[in-house]
Amino acid sequence: MTTPPAGSLLPPAYEPASVEGRIYEMWERAGHFQPREAADRDPYCIIMPPPNVTGELHLGHGLEDAITDALVRWHRMQGDPTLWLPGEDHAGIATQNVIERELAKEGLTRQDLGREKFVERTWMWVRKYRSRIADQHRKLGASADWSRSVFTLDPQIVKAVRATFVSLYKKGLIYRGLRIINWCPRCETALSDLEVDYEEEAAKLYFIRYPIVGEGGMPLPDYVTVATTRPETMVADTGVAVNPSDDRYEEKIGRMLMLPIMGREIPVVGDEAVKPEFGTGAVKVTPGHDPNDWEIGQRHDLPVIIAMDLQARMNDEAGPYTGMTSEDARAAILRDLEDEGFLDHIEDYTHSVGHCSRCNTVIQPLPSEQWWLDTRKEYEPGHSLSGDAAAAVRDGRIGIVPQRFEKVFLHWMDNIRDWCISRQIWWGHQIPVWYCENKHTVVAVADPASCPECQGALRQDEDVLDTWFSSGLAPHADLGWPDDTDSLRYWYPTADIQMGYDIMFFWCARMVMFGLYNMRERGPEGSMPFRKVLFHGLIRDANGEKMTKSKGNVVDPLTVASTYGADAFRFAILTGATLGADQKFSDERLAAARNFANKLWNSARFVLGKVGPREIKRPHPADRESYALEDRWIMSRLEQLELEVDSSMNAYQLGEAARSIEEFLRNEFCDWYIEMTKVRLTAGDERPLAVLLHVLDHGLRMLHPFMPFVTEELWQAVRERIDGDMASQLIVAWFPKSAANWKDAQAEAAMEHVIEVNRTVRNIRTEKKLEAGARPVVFLRAASYRAALEETLAATAFTSRVDASVVAAEDELPLAEYGFGRVADTEVAVALPEVDVAVERTRLEKELAEAAAHAERLGKQLGNAQFRAKAPASVISGMEATMGEARVRAEGLKERLARMV
RNA sequence: GGGCGAUUAGCUCAGUUGGUUAGAGCGUCUCGUUUACACCGAGAAGGCCGGGGGUUCGAGCCCCUCAUCGCCCACCA
């Protein structure tokens, strides 16, 4: 590492590219990302939502890094033992799809390779991408403990997954069952309900006549008309259902219908699930291809016919349509129905169609034998996975930020259904179940050598588990469970966790259920996976559109970071919206954040340049009286900021904290304090140096969680200039916490006044179009703030470029050739080359009206007995003071107008 | 069919228990090379806080209602 340059040698603009890599390496080499465990402080642990291992980091990950790193750095700086535990997710279907696409480029399928070779090949990818993802996090400044990075297929996690499976199986919560499932014909696997995205689509509702069969199997001229959106499934119809209370069909129940084309007889059944008002009130029942029909079929013992194969092609149950795709079959069937006069009519219809969330293929509901997790079943009296999870949130053991998501979480948890956990893919945790030739089933954590019952050879279940089954174990599994490790004992329950609200059910819900269950020996408090979960919003493009590869509007966070700097990126994305709300991502915000970083850089350049190569003691509150008004003001304001930042951070209002620091540094420190010190420094008064350095130091400390690189780079120079105990690096320096030693309401009020007076002077300068280089004579006729104005007179003269003097309240101000203004009870007169009396009068009159109205408004409220009785004293006294000032101001304006003639 | 969110300056957004004249950044206009910064500075313009009603001494904030936009959930043949 090169030695940081002295202040005066800093380049005039902040260059992130020349700083970030070096600084990150410095932190990492010093081992600051690895926690220092300490007994006397509560540990702070946060688990990173593991990105998909084959993916690139996107803006959402960038936001997550910004949020998490801010929290982590803040805690670390407060001396908490802090662990940010990173990882990557094997992302079963997503990764398998990527590898299959790669194979396709070589003209291969996964079947060509076979399972073993395919998995091997996928591992090669994983090894390549894992380090790449970690590097991307590093570029953004993430201070995660890479030495502990966890991959969801690590042996440790395999053990945890199997232990969980075995335990839940033994409790009877995991079972194998035949149900209608969501089948993706492209991925060729079952999906959970969550992995199906529904989209509204314009479609048709087809009305088809099913003739009634008379005695002896002869079709009658009468028929029942059914309505369907999927006519191709009629080849698998095994009944028609009507509502038993529907008068129209009362006598049809029990009769047989002739299934057109197929020529099969199917019964009419009465079922409450049928809504008489929909369509014709009669529904064709296809238990093999529709979840509702499956239920109806079960209730009426209807046979199940499956007429499609696993690629959604019609199979030999489909008679003449065998081999067709479902689309072709639909067209053919409609044509045939039409020809034979069975098609009654067609209506336009809009309904939602399920699509695979991974490949967008239309989902086919199919009956299939799958592994399920029953989250509602009690595994011991009074305890179920979902019941315990809901209770933890309901009674506040797990807090949700923002709180409104609590309702969403609970609603889902209270209405949860069995989770289909098996997938027919190769990449993932293979289900730890083995079968022998004698139909014995072995469920075990360790691979069994042979069947324990008959010593027969075993064959493992081919399926793998839903990826979220393993990520759902993250908090305890990443820390070593099922082993009783030191890490698990020390860091569990973790403190906070953060994720997009879009994965609340996928991830958060599962972690809560699994954590509470697997760690249940620790009791209700000790078993929680985390105490607070933060849900952030989604990043959209500048037009508010969702970023997707197909739209081509995806923004790469690393490109942004290299253009504007990682700090600017983090600052912009963190202050762009409130937690939980979506945000639009725009270049303007980035540029503003970059400019702020540069502003900070230059303010430090100024301070360091003035301090030069020496060490200075911090200002001491005991010497407060020896400091100038602006010194006491900025110190008081700094403390106030520290209080605000502390409370914002504690309330997880990260953006608010960052914004308030920026506002302070920009608008108070740079715009006023630094400018005001210039006169004194030029005059050889060095007292402001300690204050400049101290405020800069605290500002950098507070800003560090948000802009780690530029603050660390600057602080490396600052720490050399401060006489006292200083950490070697800002990343582990203490975070400012106000002790209220410099609180000074009077100084704040006085400085506010001085600032307003300066603004008034400058305003007059501009309004009267005084030449930029002119130094007009200015009189400040002061009353209450005379001392303050006198003390800051030189600064006023310098920063507002005037020749100023303070005169007493009883002194007369000159009447002509001056522009006038008023701030509270201070009157401002700026000498002008010429004055337009009429214009001046109009302006004064307007101002008078405003002041009078303000005073009257306040007077009215203060005169209200109810208000006086109920409002807090501080509000009343504040209002009285303000009203007094407004009155004095109005009086002065009146007087001036009277004398203007 | 339920539920949630948003609506504040031209734009993007803050505004945490209701309290004195509602803020920031960007943009716009005017001026400016004052010894940190033109990735800058000074000044200005710009808001009946979506509409209506209510509670209160007092509402951007609480309640009701309407409107527009967006999202989530739900077995919408």
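Quick note on labels: first sequence line is chain A, next is B, and so on, each numbered from 1.
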Quiz prompt | A:Thr229 vs B:rA77: side-chain N/O to OP1/OP2 distance below 4.0 Å | solution = no

Quiz item: NA contact type, A:Arg594, heavy-atom cut-off 4.0 Å: base, sugar-phosphate, or nothing?
Solution: base

Quiz item: Pick the nucleotide of RNA chain B nearest each of A:Val875 and A:Ala241; which residue has the one closer to the 5' end?
Solution: A:Val875

Practice problem: Produce a footprint string for nucleotides 1-6 of chain B: one letter per nucleotide, 5' end first; B if the base is under 4.0 Å from any protein heavy atom, S if only the sugar-phosphate is, - if neither. | Solution: --SSS-

Quiz item: Base, sugar-phosphate, or nothing: which does A:Ala871 touch, judged by heavy atoms less than 4.0 Å apart?
Solution: base

Quiz item: Choosing from B:rA77, B:rG19, B:rA36, which nucleotide comes nearest the side chain of A:Pro872?
Solution: B:rG19

Quiz item: If only side-chain N and O atoms of A:Lys284 are considered, is one of them under 4.0 Å from the OP1 or OP2 phosphate oxygen of B:rA77?
Solution: no

Quiz item: Between A:Gln653 and B:rG15, is there a side-chain N or O to OP1/OP2 distance below 4.0 Å?
Solution: yes

Quiz prompt | Integer angstrom distance from the C1' of B:rG3 to that of B:rA77 | solution = 25 Å

Quiz item: Is the distance from OP1 or OP2 of B:rC75 to the nearest side-chain N or O of A:Arg417 less than 4.0 Å?
Solution: yes

Quiz item: Taking atom P in both B:rG51 and B:rU8, what distance in whole Å separates the two?
Solution: 10 Å

Practice problem: May I ask you to say what A:Ala592 touches in the nucleic acid, namely base, sugar-phosphate or nothing, with a heavy-atom cut-off under 4.0 Å? | Solution: sugar-phosphate

Practice problem: Would you indicate, yes or no, if B:rA44 has its OP1 or OP2 atom less than 4.0 angstrom from a side-chain nitrogen or oxygen of A:Asn763? | Solution: yes

Self-check item: Complementary nucleotide of B:rC75, counting Watson-Crick and G-U pairs under 3.5 Å
Solution: none

Practice problem: Return yes if the base of B:rA38 and the side-chain atoms of A:Lys599 contain a donor-acceptor N/O pair under 3.5 Å, otherwise no. | Solution: no

Quiz item: Roughly, in whole Å, what's the span from CZ in A:Arg605 to C1' in B:rU35?
Solution: 12 Å

Quiz item: Hey, is the side chain of A:Lys769 poking within less than 4.0 Å of OP1 or OP2 on B:rG43, counting only N and O atoms?
Solution: no

Quiz item: Taking atom C1' in both B:rA14 and B:rC49, what distance in whole Å separates the two?
Solution: 13 Å

Quiz item: With sugar-phosphate meaning primed atoms plus P, OP1 and OP2, does A:Lys584 contact a base, only sugar-phosphate, or nothing at under 4.0 Å between heavy atoms?
Solution: sugar-phosphate

Self-check item: Same-atom distance (P) from B:rG53 to B:rU12, integer angstrom
Solution: 28 Å

Practice problem: If B:rA44 has a Watson-Crick or G-U wobble mate with both distances under 3.5 Å, name it; if not, just say none. | Solution: B:rU28

